[in-house]
*Asks:* 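What follows is a single structure, and I will ask about it in a moment.
Letters go in sequence order (proteins before strands), and every chain restarts at 1. Not measured: the values here are computed from a predicted model.
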Amino acid sequence: MPVPRAAERAAALRAQLDDANYRYHVLDDPQISDAEYDALLRELIDLETADPALRTPDSPTMRVGAAPTGAFAPYPHVKPMLSLGNAFDGDELRAFDERVRKLSGRTDVAYTCELKIDGLAISLRYDGAAFTGGGTRGDGSAGEDVTENLRTIRSIPLRLRGAGVRHIDVRGEVYFRRSDFDALNARREAAGLPLFANPRNTAAGALRQLDARMTAERRLSFFAYAVGEVDADAFPTTQFELLAFLREQGFVTNPHVARAATIDDVIAYVERWSVERDTLDYEIDGVVVKVDELALQEQLGSAGKDPRWAIAYKFRAREATTRLLQIGINVGRTGTLNPFAVLEPVQIGGVTVKLASLHNEDDIRRKDIREGDVVLVRRAGDVIPEVVGPVLSERRGDLPVFALPTHCPVCGSDVDHPEGEAMARCTNATCPAQRRERVRHFCSRGAMDIEGVGDVLAFALVDHGLVDDVSDLYHLDAAKLLTLPRMGEKTVASVLANIETSKTRGLARLLFGLGIRMVGSQNAAILAGDYGSIDALAAATVEDLIRSDGIGEQIAASVALFFQQPPNRAVVERLRAAGVDLTAPKRERAPVGPLAGKSLVLTGTLPSLTREEATALIVEAGGKVTSAVSKKTSYVVAGDEAGTKLTKAQELGVAILDEGGLRSLLAAGAAESSV
DNA sequence: CCGCCTCGAGTTCT
DNA sequence: CTCGAGGCGG
């Protein structure tokens, strides 16, 4: 028999803790601190530990999580949990509205609009006022019993607050707050554990933990939005009031609900949230639209599986899960082994994604990505596909940990992977893959800009033995080119003409095109400007080279090494013999113009200028175009569909221009200089 | 020696 | 666009 005094105290503590929880989660108006809450909880745990008879199923102490159970029992839904039909644009919403009005015979139907939380649908059962169990959606008629795990979620009340309810099934969404998810990942990173890919899958995994203590640590949240079977004295008549009723009972409902008098209001709501979705602390994947009147819902009923009184508007997906079929390896022009993902094709944001970069071996290991995994794929900056990570809950059996090959997949040479470096390299400079890539790079737009020689022709030239190194491009003739597949007289003539034109591109582009390690377009321009000719540069020592701005020991050593190697010297001589311009104008005096000394960053698409044209105008005005935004950036020129650079500029307080702003800046200087 | 700034290298899809 | 890493100023 429990000691009466202790029983009283336990009951008081329970009431106090429930109340604190309700104030914190539902009212968002905490009256006691987290520390005080913890102290009360501690006291209750101690009482219950001393006398287990004091323990009740709805005690807040149950939230810390019970010990592991074997497996999940089935959880039948007396009233099935519905799935909703989808709409992807305004027209489909209008069609839905028309059907509703036609079937109901009404001229006007009001709707409630609710954010569609990207989490897991669950059902909670209350008998009397006490929480007695809950389960996942499953196939709609039965899911899994995850009662112990649900108990750990603070925003799920363990007792109803209102009177008059004898039984109720409450439906809603379990989800992960972004802030809680980020905090969890930060802790995992500190502990050296692989990071979770996204909040939704992590929430799913947490809810299916066999050990509820693990679930408790994850800090899941819950929004209630519907009711299944119910037996109560009084019940609301609209969806909007139903949400208020759920709040009165102690549930958290999403604050961004709206009542829409017409379908136009619904569409306005959808458009607003498709833009503002990123401002929320949780992820949403659409909007749920329901006929507001519950009686009308009943009347409309369902067609097959889907109710006729509700529809889910889905935002365009930004990420998706798919199977990682294989990890392939590309060999880059510098010999780097670049792993890439071969994916089961999947639609993301309107395009089919089949491939994605995987960066390097360490990255794959850190994310614990394995061949055969189901992976989460996202389009970084809404463009370039990226594998975020594996969905661990989908992993079946033992998949092998990824390891880079020790020999080049193309030529079989040894692979060099220096300690502490991210990239592994094929050690064979004459590796066919490297040769192909070097020729392609030489002909590319930023380098010698040889029109007509893209990936396909560059590879064909190397593969057919017409070109071994870049100097061979200038010793081609029509007869040789005609031996290649898909090359006719006309194409050959144009390619030869374009190769001829490229001879005058100048030293900066040539140096970049040669593909010297650590010499990209910028360093190439600096060296060309400082030395004026390839002979002067080839004669420079490391000590000479490091005097150039931005050139340190490593880059200097790389340049010097390049010109020491006989094959490279031979390439230079053959280029000279062909009449390729190996000189550059020596660096002109300090830049002048309205943008002298300014550095600008371009992002997005400008209305009437290409990126190249804008860059040329800025350079002409004495300015510099760089790729990343920092405190030193003078202006960010933002066009349509600007990406993360615009956000960064706002964060750092860097001035932002549109195309007009850029033009007036250029014009201002032109006016001055003409005076 | 650390932290910031830049640059290099590789990348997807239509 | 991303990540890695070299250069350099504090």
Side-chain angles (χ1 to χ4, degrees), chain A residues 318-320 322 328-343 345-364 366-367 377-388 417-426 433-434 436-438 440-442 444 446-447 455 508 511-527 542 545-559 599-605 611 624-634 641-648 651-652 654:
Chain A
R318 292 195 283 203
E319 49 183 40
T322 189
I329 308 285
N330 272 330
V331 180
R333 90 184 138 85
T334 60
T336 50
L337 267 53
N338 308 307
F340 62 94
V342 181
L343 304 164
V346 63
Q347 291 286 125
I348 308 178
V351 304
T352 309
V353 174
K354 302 187 197 72
L355 300 171
S357 172
L358 285 172
H359 302 115
N360 58 59
E361 187 177 21
D362 287 348
D363 199 45
I364 297 170
R366 182 155 17 95
K367 293 175 176 166
V377 182
R378 170 197 302 165
R379 298 216 296 154
D382 279 345
V383 186
I384 297 175
E386 164 190 48
V387 175
V388 183
H417 194 170
E419 190 71 29
E421 274 189 29
M423 287 308 195
R425 303 192 129 83
C426 165
Q434 291 187 48
R436 287 168 136 212
E437 294 295 328
R438 278 200 297 264
R440 187 181 59 78
H441 171 72
F442 185 85
S444 69
D455 313 6
L511 282 178
F512 175 51
L514 287 174
I516 303 167
R517 281 268 288 280
M518 302 179 187
V519 180
S521 55
Q522 309 281 325
N523 289 340
I526 289 167
L527 292 170
V542 170
L545 290 163
I546 56 176
R547 271 185 247 132
S548 287
D549 211 26
I551 306 297
E553 249 174 81
Q554 311 229 27
I555 297 175
S558 167
V559 172
S599 74
L600 289 83
V601 173
L602 302 173
T603 178
T605 318
R611 205 160 265 256
K624 216 170 85 155
V625 175
T626 57
S627 56
V629 181
S630 74
K631 278 188 296 191
K632 291 192 181 170
T633 307
S634 320
E641 311 245 312
T644 52
K645 288 184 229 173
L646 179 57
T647 326
K648 185 83 188 265
E651 272 169 31
L652 295 175
V654 172

*Asks:* Round to the nearest Å and state the distance from A:Glu386 atom CD to C:dT2 atom C1'.
*Replies:* 8 Å
*Asks:* What nucleotide among B:dG10, B:dC13, B:dT12 has an atom nearest to a side-chain atom of A:Asn338?
*Replies:* B:dG10
*Asks:* Is A:Ser357 close enough to B:dT12 that one of its side-chain N or O atoms is under 4.0 Å from OP1 or OP2 there?
*Replies:* no
*Asks:* Would you kindly give the CZ-to-C1' distance between A:Arg517 and B:dG10, to the nearest whole Å?
*Replies:* 14 Å
*Asks:* With the side chain counted from C-beta on, respond yes when A:Val331 and A:Glu437 share a heavy-atom pair under 4.5 Å apart, and no when they do not.
*Replies:* no
*Asks:* Within the structure, does a side-chain N or O atom of A:Arg379 lie under 4.0 Å from either OP1 or OP2 of B:dT12?
*Replies:* no
*Asks:* On DNA chain C, compare the nucleotides closest to A:Leu602 and A:Asp549; which residue's is nearer the 5' end?
*Replies:* A:Leu602
*Asks:* Within this structure, what is the CG-to-P distance between A:Leu355 and C:dT2, rounded to whole angstrom?
*Replies:* 19 Å
*Asks:* What's the closest nucleotide to the A:Asn523 side chain, out of B:dG8, B:dT6, B:dC13?
*Replies:* B:dG8
*Asks:* Does A:Thr626 put a side-chain nitrogen or oxygen below 4.0 Å from OP1 or OP2 of B:dC5?
*Replies:* no
*Asks:* Find the distance A:Glu361:CD to C:dC3:C1' and express it as a whole number of Å.
*Replies:* 16 Å
*Asks:* Would you mind reporting whether A:Leu343 and A:Lys354 have side-chain heavy atoms less than 4.5 Å apart?
*Replies:* no
*Asks:* Please check if the side chain of A:Asn523 supplies one atom and the backbone of A:Met518 the other of a donor-acceptor pair under 3.5 Å.
*Replies:* yes
*Asks:* Report the distance from atom NZ of A:Lys632 to atom P of B:dC5, rounded to the nearest whole Å.
*Replies:* 7 Å
*Asks:* For the side chain of A:Val353, counting heavy atoms from C-beta on, which of C:dC3, B:dT11, B:dC13 is nearest?
*Replies:* B:dC13
*Asks:* Taking OP1 and OP2 of B:dG3, is either one under 4.0 Å from a side-chain nitrogen or oxygen of A:Lys631?
*Replies:* no
*Asks:* NA contact type, A:Arg366, heavy-atom cut-off 4.0 Å: base, sugar-phosphate, or nothing?
*Replies:* sugar-phosphate
*Asks:* Round to a whole Å and report the spacing from CG of A:Leu545 to C1' of C:dG6.
*Replies:* 15 Å
*Asks:* OP1 or OP2 of B:dT11 sitting under 4.0 Å from any side-chain N/O of A:Asn330?
*Replies:* yes
*Asks:* Can any side-chain N or O of A:Thr626 pair as donor or acceptor with the backbone N or O of A:Val601 at less than 3.5 Å?
*Replies:* no
*Asks:* Taking atom P of C:dC3 as reference, at what distance in whole Å does atom CE of A:Met518 sit?
*Replies:* 21 Å
*Asks:* Would you classify A:Asn360 as touching base, sugar-phosphate or nothing, given that sugar-phosphate means primed atoms plus P, OP1 and OP2, and contacts are heavy atoms under 4.0 Å?
*Replies:* sugar-phosphate
*Asks:* Mind calculating the distance between CD (A:Gln554) and P (C:dG7) to the nearest angstrom?
*Replies:* 5 Å
*Asks:* Between A:Lys632 and A:Ser599, what is the shortest heavy-atom contact and its length?
*Replies:* O-OG, 3.5 Å
